[in-house]
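First the structure, in the form of structure tokens, and then the observations on it.
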Amino acid sequence: MQPIRMFDSLRVQSPHLASMRDAIDAVLSSGRLVLGPAVADFEQAFADYIGVAHCVGVANGSDALELALRALEIGPGSSVLTVANAGGYTTTAIRACGAQARYVDIDEQTLLIDAEALERALGERPQALVLTHLYGQMADAENIAARCRHHGVAMIEDCAQAHGAARNGRRAGSHGTLACFSFYPTKNLGAVGDGGAVLTADEHLAKRVRQLRQYGWSDKYRVDLAGGRNSRLDELQAAVLGVKLLHLEAENERRRAVARRYQAQVRNPLIRLPTRAAGADDVVHLAVLRCSRRDGLRAHLAGCGIDSDVHYPIPDHWQPAWRDASPPSLPVTEAAAAEVLSLPCHPALDEEEIQRVIEAVNAFR
Ligand SMILES: Cc1ncc(COP(=O)(O)O)c(C=O)c1O
């Protein structure tokens, strides 16, 4: 029996291998390996795709978050709202800036930020909100952006799990003051190594991020902006991303088809599938279910040769390195962390594998 993997890099890449190799060859023959035409072309193509004027390629999604915060001058004394169920990347970035993360609880159904709790937190005058489009689901970015504007709070969208998600004709990444993407290989738009990007409609902020990704330089060897580093997207990754962007829509549709099958056919009283429309507002980065006996279910699936994973087991406010003397109470976040389990969901899963996953989940007692 073949194991079913959470993500199968070789199979997901295989339809694009020939064009990826051509793109890589073109970079190698150009002799330009850093911040050359491949990065510039990809930045333009991705900005056009998301529908935002500026895209700045950076080294990874975590740097994208940190540099976006730094571009907004978030630092010691600032507080930034976010959720505690999104893997800790945003908290890492906030803490790296010397600012304080303030957590907002999540909605029981979607596991995205809770609108009422957010409204209360916005009233406490934070400097920024990082809005995470988790598991591929697009949060209500349009209304939340309006609430942020009302309160004078900057909004950064974390789109690391939502490449291509759209609502009312606008994509995730086009509502925030800035938006951050990761191109880690397992992402819906994945490189063959690390990569990331910051998008913004604001020319001044785009310029700041461009400076911050390259030591804070305004010109070669002249540091005009503090807080910079080396965080460049490289030419090879950009060339590969340019090829893969052409297939993103089709691959997102494949992911939605997998989620619809799970939605329609997983029938087990021990398991709850969060309601997902799996329409345009959802690019199904992860297929997440809830089960109070999550670890037993995971072991059962492993026994059937099916990988699964937990996104994420420890909420940020409980991470040992960050836990303070009086962590906030986030009941919905905490309950979800004990129950969520992600099933295999990627564009190369075939019918037989999907069926095997459904049957194994339904057979769990
Ligand atoms: C929601 C979210 N934000 C940020 C990141 C960080 O991206 P990277 O791994 O490229 O640093 C990730 C991915 O790993 C993520 O899933």
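This is a predicted model, so every value here is computed, not measured. Whatever order the structure lists them in is the order used to number ligands and atoms, beginning at 1.
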Is there a side-chain contact between Ile113 and Thr132, using heavy atoms and a 4.5 Å cut-off? no
Judged by non-hydrogen atoms, does His285 sit under 4.0 Å from ligand 1? no
Which of these passes side-chain hydrogen bond (donor to acceptor under 3.5 Å, both in side chains) with Gln355: Glu352, Glu351, Glu359, Glu353? Glu359
Please check if the distance between the ring centroids of His311 and Tyr135 is under 6.0 Å. no
Does Tyr184 have its ring centroid less than 6.0 Å away from the ring centroid of Phe7? no
Does Arg147 pair with Glu119 as a salt bridge, N-O distance under 4.0 Å? yes
May I ask you to check whether over 12 heavy atoms, not counting those of Arg21, lie within 6.0 Å of atom CZ? no
Is any N or O atom of Lys187, backbone or side chain, closer than 3.5 Å to an N or O atom of ligand 1? yes
If you measure every N/O of Gly61 against every N/O of ligand 1, is any gap under 3.5 Å? yes
Tell me which one of Ala191, Ser182, Gly88 gets a heavy atom nearest to atom 10 (O) of ligand 1. Ser182
Note: heavy atom closest to atom 5 (C) of ligand 1, options Tyr184, Tyr89, Phe181, belongs to Tyr89
Please identify which atoms of ligand 1 are closer than 4.0 Å to at least one heavy atom of Tyr312. 16 (O)
Rounded to the nearest 0.5 Å, what's the gap from CD on Gln2 to CD1 on Ile306? Could you check? 13.0 Å
If you scan protein heavy atoms around atom 1 (C) of ligand 1, the nearest is Asp158 OD2, 3.4 Å
In this structure, atom 11 (O) of ligand 1 is nearest to the protein heavy atom Ser62 OG, 2.6 Å
Proximity to ligand 1 by part of Ala160, non-hydrogen separation under 4.0 Å: side chain
Heavy-atom distances under 4.0 Å decide this one: backbone, side chain, both or neither, for Asn60 against ligand 1? both
